[in-house]
Q: 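Quick one: the structure is below, questions incoming.
These numbers come from the heavy atoms of this one structure, side chains and all, not from hydrogens, waters or symmetry mates. A, B, ... follow the sequence lines: proteins, then strands. Residue 1 opens every chain.
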Number of protein chains: 2
Amino acid sequence: MTGRPKTPLWQAIARSLRGDIADRIYEVGDKLPTEAQLAERFGVNRHTVRHAIRALATEGLVRTRRGAGVFVTAAPTEYPIGKRVRFHQNIAAGGQAPQKRIFQIEERPATASEGDTLMVSRGSQLCICHGVSLANGTPIALFSSHFPAERLPGIAAALTERTGVTEAFRLCGVSDYTRVSTRISARPATATQALHLHLEEGAPLVYSTSLNADGQGCPVEFGKTWFAGDRVTLTIDGAV
Amino acid sequence: MTGRPKTPLWQAIARSLRGDIADRIYEVGDKLPTEAQLAERFGVNRHTVRHAIRALATEGLVRTRRGAGVFVTAAPTEYPIGKRVRFHQNIAAGGQAPQKRIFQIEERPATASEGDTLMVSRGSQLCICHGVSLANGTPIALFSSHFPAERLPGIAAALTERTGVTEAFRLCGVSDYTRVSTRISARPATATQALHLHLEEGAPLVYSTSLNADGQGCPVEFGKTWFAGDRVTLTIDGAV
DNA sequence: GGTTATTTGTGCGTATGTATG
DNA sequence: CCATACATACGCACAAATAAC
């Protein structure tokens, strides 16, 4: 034959439909084309389309109603990236309930490269916060935030008391902060990452590193974030 | 034992080192820690580290010199995203040779959603350009650019003659254009995408959709881009 | 320029888990 | 159930190239 289609047809179709939902070709609440129409579009049997739709339904992306059709119930979370990136605001603005779960708060001296990015001397104490971000109860990202502990007295305690980073910063005397830079690439999920994000090992993640600074341009946070690739869309407004 | 490490140790180590290079923890030209040091850091035998390094060497990321050490020879391409995104300038600014290969130029009427984003009526003619972008000869991204043909007379011919989109626009009377919005997520590579990008099927891609408009804010291009996740890092300057 | 310590490259032996027949 | 083959992983020893003194 032509080649060998390693991926089953129904998976390819599910992926295609998933992409259409992520691209807002089908908005939340929209009715998908009928199974017969989809079967014709993809050139497959209706059973194959049904298999794909069943997969999307178990993922919670669509809901089927007998006699009515298939309806989009959820779409990837929009996550705006700009000068002011606030997790809670970002998620809440999309009409979803933001939530954070902290795994561990670690304190250790900075390595040379960590010190460079945060503009502190090597060996200066760091406070590192590992956890997961959720929207509407489903995990969307893993994060590990690096804070310069000596510049932010009491940051570790503030992070455990308050859920938001913004509030924790305020307790440490940082009234405002802005995003200096963001770097984005894609990585496969490790076994442990997949576990926490409820994904398969090797599933594509959006890996982002970011630097936040206070009003004087002094770095206050260096963050690494692993977004579940099919559950989040980072958006960048041209104006930023 | 604890769990079952499905992925081989040497692959996990290779991935970790690959990430460190992408994060610029080890810059191009830097010497990696010795095999003995890495073996101690990862808690494995030196042979296992060697296996990982061999994998990185075949990828062209590092080069080994007996008696001297292991040196970083390449790192992911930096691709700045901002108000003015120009492929050739982006790649050239990083000291790499930009190149483009066009697979097909297609002309067909716009669907309803395509018309919405490009602000043309449904059924209005579109010019769609499929191809691959390369840096230093290695493919880094697949793209399909959608142009409103009626707004840009002669765009199809201009795209075949000139390599750059910027020059093609100029031929059609668009002297300048800026990035209106960018949307980013991660997707696994399909079989055909993997083929063109020289990746494994399912490898993580950064999937980006973008909208460019002319000086009057009139959309002139809607683009979809699939970046090879481990070969590109999108960077967003806070100031843009 | 020669000596020495460091570092990669190579070889062999052992053990384990997994897939195949 | 057993034999075989293969990939993974560890341990030890030594050769060869490099760099530093």
Q: Applying side chain to side chain contact (heavy atoms under 4.5 Å, CB included), can you list everything that pairs with B/Leu195, at least two apart in sequence or on another chain?
A: none

Q: Quick one: what's the B/S/- string for nucleotides 12-21 of chain D, heavy-atom cutoff under 4.0 Å, read 5' to 3'?
A: BB--BBBS--

Q: Quick one: salt bridge (charged side-chain N to carboxylate O under 4.0 Å, His left out) partners of A/Glu107, sequence neighbours excluded?
A: none

Q: Please confirm whether the shortest side-chain N or O distance from B/Thr48 to OP1 or OP2 of D/dC10 is below 4.0 Å.
A: yes

Q: Separation of B/Arg63 atom CZ from C/dT7 atom P, in whole Å?
A: 18 Å

Q: Tell me: CG of B/Leu32 to C1' of C/dT7, nearest whole Å?
A: 13 Å

Q: Measuring from atom CD1 of A/Ile91 to atom CD1 of A/Ile140, what distance do you get when rounded to the nearest 0.5 angstrom?
A: 4.0 Å

Q: If you look only at pairs with a residue in residues 111-135 of chain A, which of them pass as a ring pair (Phe, Tyr, Trp, His ring centres under 6.0 Å), with sequence neighbours excluded?
A: none

Q: Show every side-chain hydrogen bond (donor to acceptor under 3.5 Å, both in side chains) that has at least one partner inside residues 52-73 of chain B, sequence neighbours left out.
A: B/Arg18-B/Glu59

Q: Mind calculating the distance between CG (B/Leu56) and P (C/dT8) to the nearest angstrom?
A: 14 Å

Q: Can you tell me which residue pairs pass the ring pair (Phe, Tyr, Trp, His ring centres under 6.0 Å) test with a partner in residues 178-198 of chain A, sequence neighbours excluded?
A: A/Phe103-A/His196

Q: Residues two or more places apart in sequence or in another chain: which of them pass side chain to side chain donor-acceptor pair (under 3.5 Å) with A/Ser185?
A: none

Q: Report, one pair per line, the protein and nucleotides 4-8 of chain D atoms (nitrogen or oxygen only) whose separation is under 3.5 Å.
A:
| unit_1 | atom_1 | unit_2 | atom_2 | d |
| --- | --- | --- | --- | --- |
| D/dT8 | OP1 | B/Trp10 | NE1 | 3.2 |

Q: Any pair with a residue in residues 35-58 of chain B that passes ring pair (Phe, Tyr, Trp, His ring centres under 6.0 Å), sequence neighbours left out, goes on the list, sorted by first then second residue, please.
A: B/Trp10-B/His51

